[in-house]
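To start, the structure under review is shown below, and the notes come after it.
Starting from 1, each residue takes its place in the sequence as its number.
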Amino acid sequence: MIRTFAVLLGLLLVAGCVTEKPAAREQPAFYLDMAHGGAKLDSVMAASMISGYRANNGLGPVTVDPELMKIAETQSMAMAKRNKMDHDVAGTLPKRLAAAGYPATLAVENIGAGYHTLAEAFSGWRDSPPHRANMLKNGVTKLGIAASYAPETKYKVFWTLVLASTGER
């Protein structure tokens, strides 16, 4: 009986040493390379990053707004289609907001191109005084963000971040 117990214990110990291959670590969403077809930007992660940055600077959070997501996507796609980084390529921000029927009481926009990851785009905006000011705009509560991949262009990825408030509390 003792011998049987010892053998079973030994087998259990050996079995404990043999484990399955560990699962590959999933890459954080802010490091996902957007410079290939099919990559999907994690807007919730973007809102979390920007909200954390705002909190570190004494400001309130922002949440993802589906309508602002569409507005940002339209702008990024227009820049990608024309291979041109320009705030007004799809019309001025106030005109784009009005055309979408978005009731913004306050709105700012950051664009970028050539950044392959959300982390790179965020860092570029954070390190640029005008873009930093937009991310730290007092009163904005919502965001829309988009990255459009255009493989035949110089920049490959075009970014748009729209931060806004509708006055709702």
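- Using a 4.5 Å heavy-atom cutoff, the side chains of Ile111 and Leu161 are not in contact.
- A pairwise comparison of heavy atoms in Met69 and Val64 identifies CG-CG1, 3.7 Å as the closest pair.
- To the nearest 0.5 angstrom, Lys81 atom NZ is 11.5 Å from Thr74 atom OG1.
- Residues Tyr149 and Phe158 have side chains not in contact (no heavy-atom distance under 4.5 Å, counting atoms from C-beta outward).
- With hydrogens and angles ignored, the 3.5 Å screen pairs a side-chain donor or acceptor of Ser76 with a backbone N or O of Ala146.
- For Asn83 and Tyr155, the side-chain atoms include no donor-acceptor pair closer than 3.5 Å.
- With respect to the salt-bridge test (charged N to carboxylate O, under 4.0 angstrom), the residues Glu67 and Lys142 do not qualify.
- A chain of hydrophobic side-chain contacts below 4.5 Å, direct or via other Ile, Leu, Val, Met, Phe, Trp or Tyr residues, connects Trp125 to Leu41.
- Proximity of Leu143 to Val62: side-chain heavy atoms (C-beta onward) are separated by under 4.5 Å at one or more points.
- Enclosure of atom CE in Met85 by more than 12 non-hydrogen atoms of other residues, nucleotides or ligands within 6.0 angstrom is indicated.
- Shortest non-hydrogen contact noted between Ser148 and Glu73 is OG-OE2, 3.9 Å.
- Between Leu106 and Lys137, some side-chain heavy-atom pair lies under the 4.5 Å cut-off.
- In this structure, CD in Gln75 is found 8.0 Å from NE2 in His87, a value given to the nearest 0.5 Å.
- Judged purely by atom type and a 3.5 angstrom limit, Ser51 uses its side chain to pair as donor or acceptor with the backbone of Ala47.
- Rounding to the nearest 0.5 Å gives a distance of 8.0 Å between CZ of Arg126 and CE of Met49.
- The same ILVMFWY cluster, assembled from side-chain heavy atoms under 4.5 Å apart, contains both Leu59 and Val140.
- Going from atom CZ of Arg96 over to atom CG of Leu68 covers 11.0 Å, rounded to the nearest 0.5 Å.
- Taking the side chain as every heavy atom from C-beta outward, Asn57 and Arg54 never approach each other to under 4.5 Å.
- Between the side chain of Ser48 and the main chain of Val44, no donor-acceptor pair closer than 3.5 Å is present.
- Minimum heavy-atom separation, Val157 to Ala147: CG1-CB, 3.9 Å.
- The cluster map of Ile, Leu, Val, Met, Phe, Trp and Tyr, joined by side-chain heavy atoms under 4.5 Å apart, puts Met45 and Leu163 in the same cluster.
- The closest donor-acceptor contact from the side chain of Thr105 to the backbone of Ser165 lies under 3.5 Å.
- The main-chain N or O of Gly124 is never found under 3.5 Å from a side-chain atom of Ser128 such that the two would form a donor-acceptor pair.
- Expressed to the nearest 0.5 Å, how far CG of Asp65 lies from OG1 of Thr141 amounts to 8.5 Å.
- Put simply, the side chain of Tyr102 reaches to within 4.5 Å of the side chain of Ile71, judged on heavy atoms.
- Looking at residues two or more places apart in sequence or on another chain, you find a ring-ring contact (aromatic ring centres under 6.0 Å, His included) between Tyr53 and Phe122.
- Ile145 CD1 to Thr160 OG1: the interatomic distance, rounded to the nearest 0.5 Å, is 8.5 Å.
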